[in-house]
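To start, the structure itself, in structure tokens.
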There are 2 protein chains.
Amino acid sequence: MVYKLDEQVGYILRLASQRHALLFNKHSELGLTPTQFSALVRVAEMGSCSQNLLGRRTAMDVATIKGVVTRLKAKGFVQLNPDPGDKRRTMVSLTKMGAELIEQLHDFGKSVTDDTLAPLSASERKVFLEMLTRLT
Amino acid sequence: MVYKLDEQVGYILRLASQRHALLFNKHSELGLTPTQFSALVRVAEMGSCSQNLLGRRTAMDVATIKGVVTRLKAKGFVQLNPDPGDKRRTMVSLTKMGAELIEQLHDFGKSVTDDTLAPLSASERKVFLEMLTRLT
DNA sequence: GGCGACTTATTAGTATACAAACAAATAACC
DNA sequence: GGTTATTTGTTTGTATACTAATAAGTCGCC
């Protein structure tokens, strides 16, 4: 059987990710990247947590999460504080401005998910997401 | 309904891509990244073609494909030549070394695809790839 | 109580990925 | 034939993403 690049799951995954990023950026007046969005939503879920733990909970290594947190801080959405009980840790938490944004972020995220899955019917989406989740 | 990051298609796509990259790198004695692999396989499919066209056919913008081609050339898998009929173009083609590698690349690609899709049955794989393709 | 193992964070280096701006060459079109 | 538009390639800047090395703090355990 001939090898066709266009039928390989890795290649198609890359294309689908690209389309998702495009849809995300399309109607993003928030000035957040998909990665920053994930980290910010996760901070809201977890409350205050260490930078490295936030990275683990968003599947970013220590170098990546550092940059993401730096940029979220620069935009005023999160703040950094030392952990009184552990001098190694930098605790990340939402600023007031970040907290006020969360509901809007959720709505935004839902619409991006909806746009991305538009080519699939409701029942297909369920099956697809279940299978995709198994590939993580 | 509450917004759950872990159920959003964009986030799960990122996780699945990460796992695929991990599997790709795991048994890669070729020293190629997934992106370089895609470009190299595509060059083999297309024969000689311009750098920008190669980028379009592998879903990479002009800046990205330039870096990829540069690194493939440094590794000795492709060569660059001016197009006699169009002074703007840089034509990319396989070197002898690159051509000798292609069959091995195909086998390698198949096994990575297989590993990535391992959590799905044969019939599920078919359905999944069809749906994923629709999201590109 | 102290030593080795682990955790946390930073930094440097490499590789995608995309936008924007630019120069040179070619194509389109009147 | 000449002007405009398009295509090709390069460069710069920003943002993931991962590896590896390093330093500092904490924990496990005897």
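Nothing here was measured: the structure is a model prediction, and the numbers come from that model. By convention in this document, chain letters (A, B, ...) are assigned in the order of the sequence lines, proteins followed by strands, and residues within each chain are numbered from 1.
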Exercise. Specify the separation, in whole Å, of atom CG of A:D61 and atom P of D:dA21.
Key: 15 Å
Quiz prompt | Atom-pair distance (CG on B:L53; P on D:dG9), nearest Å | solution = 9 Å
Practice problem: Please name the residue in the list B:T116, B:T113, B:D114 that meets the side chain to side chain donor-acceptor pair (under 3.5 Å) test with B:R125. | Solution: B:D114
Quiz prompt | Whole-Å gap separating C1' (D:dA17) and CZ (B:F24) | solution = 16 Å
Quiz item: Taking CG from B:L15 and P from D:dC18, how many angstroms apart are they, rounded to a whole number?
Solution: 10 Å
Quiz item: Ignoring hydrogens and angles, does a donor from either the side chain of A:R88 or the base of C:dT7 sit under 3.5 Å from an acceptor on the other?
Solution: yes
Quiz item: Just to confirm, is there a sub-4.0 Å distance from OP1 or OP2 of C:dT16 to any side-chain nitrogen or oxygen of B:T33?
Solution: yes
Quiz item: Starting at the 5' end of DNA chain D and moving along, which residue's nearest nucleotide shows up first, A:K87 or A:V62?
Solution: A:V62
Self-check item: Under-4.0 Å side-chain N/O to phosphate OP1/OP2 contact, B:T64 with C:dA15
Solution: no
Self-check item: Co-membership, hydrophobic cluster, residues A:V43 and A:L80, 4.5 Å side-chain
Solution: yes
Practice problem: For A:Q51 and for A:L22, find the nucleotide of DNA chain C with the closest heavy atom, then tell me which residue's nucleotide is more 5'. | Solution: A:Q51
Exercise. Indicate whether any N or O donor in one side chain lies under 3.5 Å from an N or O acceptor in the other, for A:K75 and A:Q36.
Key: yes
Exercise. Kindly point out which of D:dT8, C:dT26, C:dA9 is positioned nearest to the side chain of B:R89?
Key: D:dT8
Quiz item: OP1, OP2 of D:dT16 versus side-chain N and O of A:R71: anything below 4.0 Å?
Solution: yes
Quiz item: When we call it a touch if two heavy atoms are under 4.0 Å apart, what does B:D86 touch: a base, just sugar-phosphate, or nothing?
Solution: sugar-phosphate
Exercise. Decide if atom NZ of B:K110 counts as having more than 12 heavy atoms of other residues, nucleotides or ligands within a radius under 6.0 Å.
Key: yes
Exercise. Can you tell me the distance, in whole Å, between the CE atom of A:M91 and the P atom of C:dT8?
Key: 11 Å
Practice problem: Would you kindly give the CG-to-P distance between A:L13 and C:dA17, to the nearest whole Å? | Solution: 12 Å
Practice problem: Indicate whether OP1 or OP2 belonging to C:dT10 is found under 4.0 Å from a side-chain N or O atom of A:K66. | Solution: yes
Exercise. Check whether any side-chain nitrogen or oxygen of A:T35 sits under 4.0 Å from OP1 or OP2 of D:dA15, and answer yes or no.
Key: no
Quiz item: NE2 of B:H20 versus P of D:dA17: gap in Å, rounded?
Solution: 16 Å
Exercise. Return no unless some side-chain N or O of A:R14 is found under 4.0 Å from OP1 or OP2 of C:dT16.
Key: no
Practice problem: Describe, in one word, how the ring planes of A:Y3 and B:H106 are oriented to each other, choosing from parallel (under 30°), tilted (30 to 60°) and perpendicular (over 60°). | Solution: parallel
Quiz item: Between A:I65 (CD1) and D:dT16 (C1'), how many Å, whole number?
Solution: 11 Å
Quiz prompt | Residue B:E130 excluded, over 12 heavy atoms near CD under 6.0 Å | solution = yes
Self-check item: Candidates D:dT16, C:dA9, D:dT10 - which lies nearest the side chain of A:S50
Solution: C:dA9
Exercise. For D:dT16, take OP1 and OP2 only and decide whether either is under 4.0 Å from a side-chain N or O of B:Q18.
Key: no
